[in-house]
K.L.:
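Mind having a look at this structure? Questions to follow.
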Amino acid sequence: MLWATRISNIRFYQYHRPLLFTAPHNFRTKLNFSSFSQPQGFCYLDEDCDDFLPWLEQKAGAKISSVLSIGKSAFGRSLFASKSIQTGDCILKVPYSVQITLDNLLPEIKSLLGDEVGNIAKLAIVILCEQKIGQKSEWAPYISRLPQPGEMHNTIFWSQDELEMIRQSSVYQETINQKCQTENDFLAIKRAFRHDPEILGDITYEGFMHACSLVGSRAWGSTKGLSMIPFADFLNHDGATEAIVLSDEDKQDSEVIADRDYGPGEEVLIRYGKFPNATLMLDFGFSLPYNIHDQVQVHFNIPHHDLLREMKIDLLQRHCTPPIKDVNGFNSSLESFTINEVRSAKGKGKGLPQSLRAFARVLSCTTPEELSDLAKEAAQNDGRLARRPLSNRSKEIWAHEKLLLLITQLIEKYDATIKSLVPVNSPPMCGRLAVRMQMARDLLSGELRILKSASMWLKSYCTTLNTTAYHCEDVDDYRAIPG
Ligand SMILES: C[S@@+](CC[C@H](N)C(=O)[O-])C[C@H]1O[C@@H](n2cnc3c(N)ncnc32)[C@H](O)[C@@H]1O
């Protein structure tokens with residue numbers, strides 16, 4: 001599903017859709033298995049799916065799983081242990097031959113679609129073609145089990161009023177970008193099929209958007225491209241687990257290895273990726289109440305009234321390393337910065353991204369000489385700009401107080417928005433709105449938590465600068481995370 005590069009910068013965005021990510025099979029040796037069992041959801045077998053695994057195994061001509069059953073969870077279908085599972089057991093193997101990939105695109109359709117149509121859209125067309133032929137489709141038992149539009153909460157389906165709840169977060173803009181991309185793909189497909197109306201001539205934008213969201217939330221990306229992996233895609237997500245979907249090129253299958261023991265009836269979860277709630281909401285239509293991978297995007301501008309604005313922009317651009325990508329491929333570029341939870345306010349541990357602090361130091365310069373000193377210092381070191389504390393204490397304090405002010409303002413806005421969200425149990429709240437409001441609350445409180453941790457760190461740093469003798473080499477070990 002997600003190898004995620006999320007749009008993170010309104011000015012510099014390019015559209016990369018996250019997809020579930022399969023790791024190569026030998027990745028299993030690196031997993032750090034925990035062996036204790038935690039109680040999880042109980043299994044309510046999904047009788048509608050009794051025939052699903054036998055059908056898929058017959059199609060594959062191979063055993064896929066003898067320890068998992070499809071059941072009902074609080075979040076749609078899910079897989080549950082049907083017998084005891086031990087840490088390290090292979091719990092399912094889905095051969096490539098029963099996965100849906102771009103190879104399933106009919107040649108007459110493939111030849112009509114150019115490169116302007118993305119792979120998610122192309123795989124969505126495969127799904128739409130199979131939906132169109134209904135029970136005659138060789139994939140009917142799978143296609144008929146996919147969630148219906150009304151069951152999905154990806155932010156692309158949210159109304160403008162619902163989106164207003166998350167305007168504060170970067171996911172708002174990302175949703176608009178994703179809608180644009182889907183519209184562009186739809187128009188390109190309509191153009192491609194205009195002379196052959198019998199091929200999906202009746203395709204609607206709503207149907208296409210639904211199919212794209214199904215692919216985005218259930219397809220895995222690997223070296224062999226994008227694939228929908230029936231049965232494995234009934235597994236729900238837990239951001240803390242180590243179990244992921246692995247690809248075995250030699251055996252030509254996708255596998256999952258248990259990262260802990262499970263008792264019969266326990267829900268088995270995997271990790272789709274180390275995704276913050278913003279990504280989970282955009283691409284999967286859910287959020288976690290407490291997400292350890294949460295992060296927040298902040299935007300910082302050089303004011304137009306700054307007399308050195310052009311010089312500063314020029315300097316930053318000359319020293320701008322290629323956008324740093326974190327583990328999920330998120331960008332941290334010139335004026336948009338990704339902040340992860342800052343673990344310690346006491347000088348040790350991870351601090352704010354260095355790129356953000358560097359930006360603030362450049363901003364603090366008031367003469368061309370100061371800017372040129374920063375450029376010289378960068379040339380004498382590793383080439384990166386303003387990574388060391390400024391030699392002038394007041395400027396170093398000013399730069400960090402400026403950041404603190406920005407973060408404090410954001411905290412106030414987040415606080416106000418969260419307070420404006422009506423408690424979920426206050427009637428009359430319809431089901432769909434209640435779910436989306438809770439997602440908005442999870443998202444904003446997670447981002448607020450990150451901002452508060454950054455604020456604590458900055459306050460502590462400024463206090464240190466104000467209260468101790470200033471030797472910029474000493475504060476240099478007040479660690480910041482690379483970025
Ligand atoms: C790969 S599918 C998993 C199977 C899905 N539950 C079903 O009914 O087919 C991914 C979807 O499951 C749901 N989901 C997975 N993990 C979840 C979680 N931890 N909390 C809420 N919803 C979850 C979301 O709707 C997501 O888009």
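In each ligand, atom 1 is the first atom listed, and ligand 1 is the first ligand listed.
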K.L.:
Ligand 1 and S287, any nitrogen or oxygen pair closer than 3.5 angstrom?
P.N.:
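No: no nitrogen or oxygen of S287 is under 3.5 Å from one in ligand 1.
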
K.L.:
Assess the side chains of S254 and D248: does a donor N or O sit below 3.5 Å from an acceptor N or O?
P.N.:
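No pair is found: no donor N or O on one side chain lies under 3.5 Å from an acceptor on the other.
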
K.L.:
Just jot down the ligand 1 atoms closer than 4.0 angstrom to any heavy atom of D233, in number order.
P.N.:
1 (C), 2 (S), 3 (C), 4 (C)

K.L.:
Apply ring pair (Phe, Tyr, Trp, His ring centres under 6.0 Å) to Y290 and list each qualifying residue two or more places apart in sequence or on a separate chain.
P.N.:
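For Y290 there are no ring pair (Phe, Tyr, Trp, His ring centres under 6.0 Å) partners, ignoring immediate neighbours.
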
K.L.:
What about S78: any of its N or O atoms under 3.5 Å from an N or O on ligand 1?
P.N.:
no

K.L.:
Measuring from non-hydrogen atoms of L235 to any atom of ligand 1, is the shortest distance under 4.0 Å?
P.N.:
yes

K.L.:
Is there a side-chain hydrogen bond (donor to acceptor under 3.5 Å, both in side chains) between N277 and D442 once you walk through the steps?
P.N.:
CA-CA 8 Å; N277 273 342; D442 290 344; 5.3 Å; no

K.L.:
Is the ring pair Y205/F186 parallel, tilted or perpendicular, if the boundaries are 30 and 60 degrees?
P.N.:
perpendicular

K.L.:
I'd like to know if K59 and E138 make a salt bridge, using a cut-off of under 4.0 Å between side-chain N and carboxylate O.
P.N.:
yes

K.L.:
Which atoms of ligand 1 have any heavy atom of S217 under 4.0 Å away?
P.N.:
1 (C), 10 (C), 27 (O)

K.L.:
Which of the numbered atoms in ligand 1 are under 4.0 angstrom from any heavy atom belonging to F284?
P.N.:
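Atoms satisfying the 4.0 Å criterion: 24 (C), 25 (O), 26 (C), 27 (O).
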
K.L.:
Under 4.0 Å, heavy atoms only, figure out whether ligand 1 is touched by the backbone of L269, its side chain, both or neither.
P.N.:
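Answer for L269: neither.
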
K.L.:
Can a donor-acceptor pair be found between the side chains of Q354 and R357 at a distance below 3.5 Å?
P.N.:
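On atom types as modelled, these side chains do not qualify, holding no pair under 3.5 Å.
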
K.L.:
Does an N or O from R77, backbone or side chain, lie closer than 3.5 Å to an N or O of ligand 1?
P.N.:
yes

K.L.:
Taking NZ, NE, NH1 and NH2 as the nitrogens, is one of them in R145 or D51 under 4.0 Å from a carboxylate oxygen of the other?
P.N.:
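A salt bridge links R145 with D51.
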
K.L.:
Under a 4.0 Å heavy-atom limit, does F75 contact ligand 1 with its side chain, its backbone, both, or neither?
P.N.:
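The answer is both.
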
